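One structure below.
Naming: A, B, ... by sequence-line order, numbering from 1 per chain. As a basis for the values below, the full set of heavy atoms in this structure was taken, side chains included, without hydrogen atoms, waters or symmetry mates. For clarity, every value in this text was computed on a predicted model and none was experimentally measured.
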Amino acid sequence: MQNTDRVSVVAGVAITILGGLLVLDHAGAISLTAGWIGAATAATLGVILLVSGLGDGER
Amino acid sequence: MNAAAVSRSARFRRDSENGIVAGVLAGLARRLGVDPVVVRVGFVVAVIATGGLALVAYALAWAALPATGEPSGTRLEGLRGLGGGLAIGRGWRVAVGAALLMLAALLAFRELGLWWSDQLVWPLVLAAGGAALLWRRSWSSGAVEEARPPVVPAASAAPRAAATPTAPPATQPSPVSELYRGGFGIALVVGAALLFLSSNDALGAARDAALTVVVVLVALALILAPFLWRLGRNLASERAERIRSQERAELAAHLHDSVLQTLTLMQKRSNDPRTVATLARRQERELRGWLSGEPDRQAGDSFTAALKAAAEEIEDAQGVAIEVVAVGDAGLDSDAGAVVAAAREALTNAAKFGADDGAPITVYAEAAEDRLQVFVHDRGPGFDPDAVPADRRGVRESIVGRMERHGGRAVVRSKPGEGAEVELVLERSPR
């Protein structure tokens, strides 16, 4: 799999998971405090940046 | 354009050229085929409606999407072009990504109740981030200093340093990057300290203590300033004297090893004028090279070194003075070696038949990778090149023939009573 595709896939999955959590929170299935939303957002951004940076180093 | 290229061109990409911040909305507008203003207005509405969460989505898109014009298969370019300024490289992305993951973990622990206190943890996190930035800056500066070539004492090696080729400078972070990293690191550490003191209601006391420390420091500086200034001056003069002493020692050692030894030999061989002249000539050559700062090169290293070595050999063997002036240099391959051999033969002839009392034989060479040119000139009695017997191979075969076999040419110019000049030219395709 090309390097860019892997990063895009990871980014897409991470953003999808974040979006799913927000949707579930909005639907009332789960209850997310500001802390959990902040943690999820930070984790999403962090994963995208980490995979991007590490993937760049393999080229 | 094939299907893959069409597919790539239809992907949603940021439009950095037409965007205001990162080109996310401009890229979206282009993908949808609508006016970017409409998309931007809709984004503003979304930010208000979602309480700011749309900004997070913008940041995610910025990080995840490549910009228009970036070739496919390249790394994620989402963080380039922030405000047209910062270019965040691979290392920074890994560091920031890891830091964000750590932040996410801390926030999760906090939500789970596995927590010490906000007053302790957040200042520690800020301080750790600032310390990491300052450590990295200090480490990268130290690596640049170690890679820099050693400083040669100025005075004794001034002529040498002027001609010695210096190593290319080590890669150095830009001043803006250094300022950014250092300033941001210091700000984080100071911010962490203030946050800790503030959350523990100790800011007022810290302010008083800081004021006390500042006043005491200023008083001490006023008292010690003259002493410190004198100390600094003494240290500088001591360092300069030490450098001068080292230079004198180096100069004395060189003169002892070269000139004194030669003078001693000349005294021992004073009854052999030819040997004395050879010794003197050799020492003169060595001193001239040392004064001009020529690097020590072996004859096999380059065309110029080989030519000079050949001239020195003829000089020693024939007891004549030969002056060599060389401009440029080139590698020593078979063609260049042929030119050197032809020049050696021309020098031998000049030494045998063209050496005039007191007038040295001169060699002028211009060398480049695509052209070699050598002139050998003497002020001897000269000769008629057309009158050279056919069985004398010195000029025809060793000089003219050799050059022609390697794709060059040799021209001998001489008239009786007007000295002689041999021109050797070799042009070749650049490597």
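Heavy-atom distances place no part of Val10(A) under 4.5 Å from chain B, backbone and side chain included.
When the shell of 6.0 Å around CZ of Phe109(B) is examined, it contains 12 or fewer heavy atoms from other residues, nucleotides or ligands.
Taking CD1 of Ile37(A) as the reference point, atom CG of Leu107(B) lies at 11.5 Å (rounded to 0.5 Å).
Contacts between residues 22-32 of chain A and chain B, defined by a heavy-atom separation under 4.5 Å, are made by no residue at all.
Nearest heavy-atom pair across Ala39(A) and Ala108(B) is CB-N, 4.1 Å.
Among Val94(B), Leu101(B), Leu100(B), the single residue meeting the side chain to side chain contact (heavy atoms under 4.5 Å, CB included) criterion with Leu49(A) is Leu100(B).
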